[in-house]
Visitor: 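I'd like to ask some things about the structure below.
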Amino acid sequence: TCGQLAIAPLRDRISGPAHVFGVSGYSGAGMTPSRKNDPAELKDNLIPYALSGHIHEREMSHHLGCSIRFSPHVAPFFRGLMTTVHMSFTDQLDAKEIRAIYAEYYEDESLVEMCRDSPEPVAIAGFPGARIGGISVAEDGRSFAVVSALDNLLKGAAVQALQNLSLALGLPEDRFPG
């Protein structure tokens, strides 16, 4: 979700694969004990895993209709997910144009917030949506980076399930039944 939200507004302008560097808190590393969810192993560490053929790489590519390269990592914080996405364009764009495209794309999405700076997991804990920002454009205007973050214990699967339930019941997607 985090990577898809960062890519979706510009997917039709991408030239080549989008590169997604993802960092998850260890709550997203599964329940089976391993190095990826052991706080002692993660202390002062960053662990890469499943660097090719990851299920989320295929999922993002399928849903976005473009090629994705995904590099997942797990870090020593408990909750949260952050992606830094690098994309190249077919034409030139500047930061102002890119911000406008994102603002328009997410204008009516109450659970996606745009911010000027890069969002960080610590600042999004407890927020049921995602934040996108930190847009940085290369000098030639043909490539850029964007950062997205979400609380994987909320906007991950839980809030998306509630969004879908709300929509199925004809309610606004940010009004959760119950």
Side-chain angles (χ1 to χ4, degrees), residues 1-14 17-31 37 50 53-74 77-87 89 93 97-135 144-178:
T1 298
C2 203
Q4 289 181 71
L5 290 171
I7 296 166
L10 292 166
R11 70 176 167 241
D12 295 334
R13 296 175 182 233
I14 297 173
H19 296 270
V20 180
F21 180 88
V23 180
S24 172
Y26 62 88
S27 65
M31 298 286 291
N37 57 20
H54 191 287
I55 189 170
H56 292 324
E57 181 176 89
R58 294 188 308 269
E59 177 185 30
M60 286 185 279
S61 294
H62 173 77
H63 288 292
L64 293 168
C66 61
S67 181
I68 306 293
R69 298 294 174 260
F70 181 46
S71 301
H73 295 70
V74 64
F77 53 88
F78 179 69
R79 69 191 303 162
L81 176 63
M82 185 175 86
T83 63
T84 301
V85 179
H86 288 265
M87 294 179 263
F89 300 128
L93 295 169
E97 290 171 305
I98 293 169
R99 280 198 242 345
I101 291 167
Y102 275 90
E104 181 180 346
Y105 193 88
Y106 289 118
E107 180 177 35
D108 297 325
E109 297 296 334
S110 61
L111 295 173
V112 179
E113 290 183 358
M114 295 303 302
C115 51
R116 181 68 89 176
D117 296 325
S118 296
E120 298 174 359
V122 70
I124 202 162
F127 177 64
R131 291 195 178 114
I132 301 170
I135 292 169
F144 88 112
V146 62
V147 177
S148 58
L150 56 80
D151 182 334
N152 61 308
L153 298 180
L154 291 176
K155 181 58 180 159
V159 168
Q160 286 184 66
L162 290 172
Q163 279 179 276
N164 289 334
L165 183 58
S166 293
L167 291 170
L169 295 173
L171 300 170
E173 66 182 303
D174 60 353
R175 181 166 165 237
F176 305 130

Visitor: Show the nearest heavy-atom pair for residues N152 and S27, with the distance to one decimal.
Guide: ND2-OG, 3.0 Å
Visitor: Would you list the atom pairs, donor with acceptor, under 3.5 Å between side chains in residues 114-122 and any protein atom, with sequence neighbours excluded?
Guide:
none

Visitor: In Å, rounded to the nearest 0.5 Å, how long is the span from CG of L162 to CG of L111?
Guide: 10.5 Å
Visitor: Locate the shortest heavy-atom distance separating C66 from I14; write the atom from each residue and the value.
Guide: SG-CD1, 4.3 Å
Visitor: Identify, with sequence neighbours excluded, every residue that meets salt bridge (Lys or Arg N to Asp or Glu O under 4.0 Å) alongside R69.
Guide: none
Visitor: Measure the CD-OG1 distance between Q4 and T83 for me, rounded to the nearest 0.5 Å.
Guide: 10.5 Å
Visitor: Is there side-chain contact between M82 and I124, with at least one heavy-atom pair below 4.5 Å?
Guide: no
Visitor: Output all residues satisfying ring-ring contact (aromatic ring centres under 6.0 Å, His included) with H73, sequence neighbours left out; order by chain, then residue number.
Guide: F21
Visitor: Which atom names give the shortest non-hydrogen contact between L93 and E97, and what distance separates them?
Guide: CA-OE1, 3.2 Å
Visitor: Under the ring-ring contact (aromatic ring centres under 6.0 Å, His included) rule, collect the residues that match up with F127, sequence neighbours excluded.
Guide: none
Visitor: Which distance, rounded to the nearest 0.5 Å, do you find between the CG of L165 and the CG of L171?
Guide: 8.0 Å
Visitor: For the CD1 atom of I132 and the SG atom of C2, what is their distance to the nearest 0.5 Å?
Guide: 8.0 Å
Visitor: Could you name each residue pair satisfying salt bridge (Lys or Arg N to Asp or Glu O under 4.0 Å) that touches residues 124-134, not counting sequence neighbours?
Guide: E113-R131
Visitor: Which atom names give the shortest non-hydrogen contact between F77 and G80, and what distance separates them?
Guide: CE1-O, 3.6 Å
Visitor: Anything under 3.5 Å between a donor and an acceptor, one on a side chain of residues 5-13, the other on a protein residue two or more places apart or in another chain? List them.
Guide:
none

Visitor: Check ring-ring contact (aromatic ring centres under 6.0 Å, His included) between F89 and all other residues, then give those that pass, not counting sequence neighbours.
Guide: F144
Visitor: Roughly how far, to the nearest 0.5 Å, is the CD1 atom of I68 from the NE2 atom of H19?
Guide: 9.5 Å
Visitor: What pairs with S24 under side chain to side chain contact (heavy atoms under 4.5 Å, CB included), at least two apart in sequence or on another chain?
Guide: L81
Visitor: Taking side chain to side chain contact (heavy atoms under 4.5 Å, CB included) as the test, write out the residues that go with E109, two or more places apart.
Guide: Y106, V112, E173
Visitor: Please enumerate all residues that pass side chain to side chain donor-acceptor pair (under 3.5 Å) together with H56, with sequence neighbours excluded.
Guide: E59
Visitor: For F78, which residues count as a ring-ring contact (aromatic ring centres under 6.0 Å, His included) partner, sequence neighbours excluded?
Guide: Y26
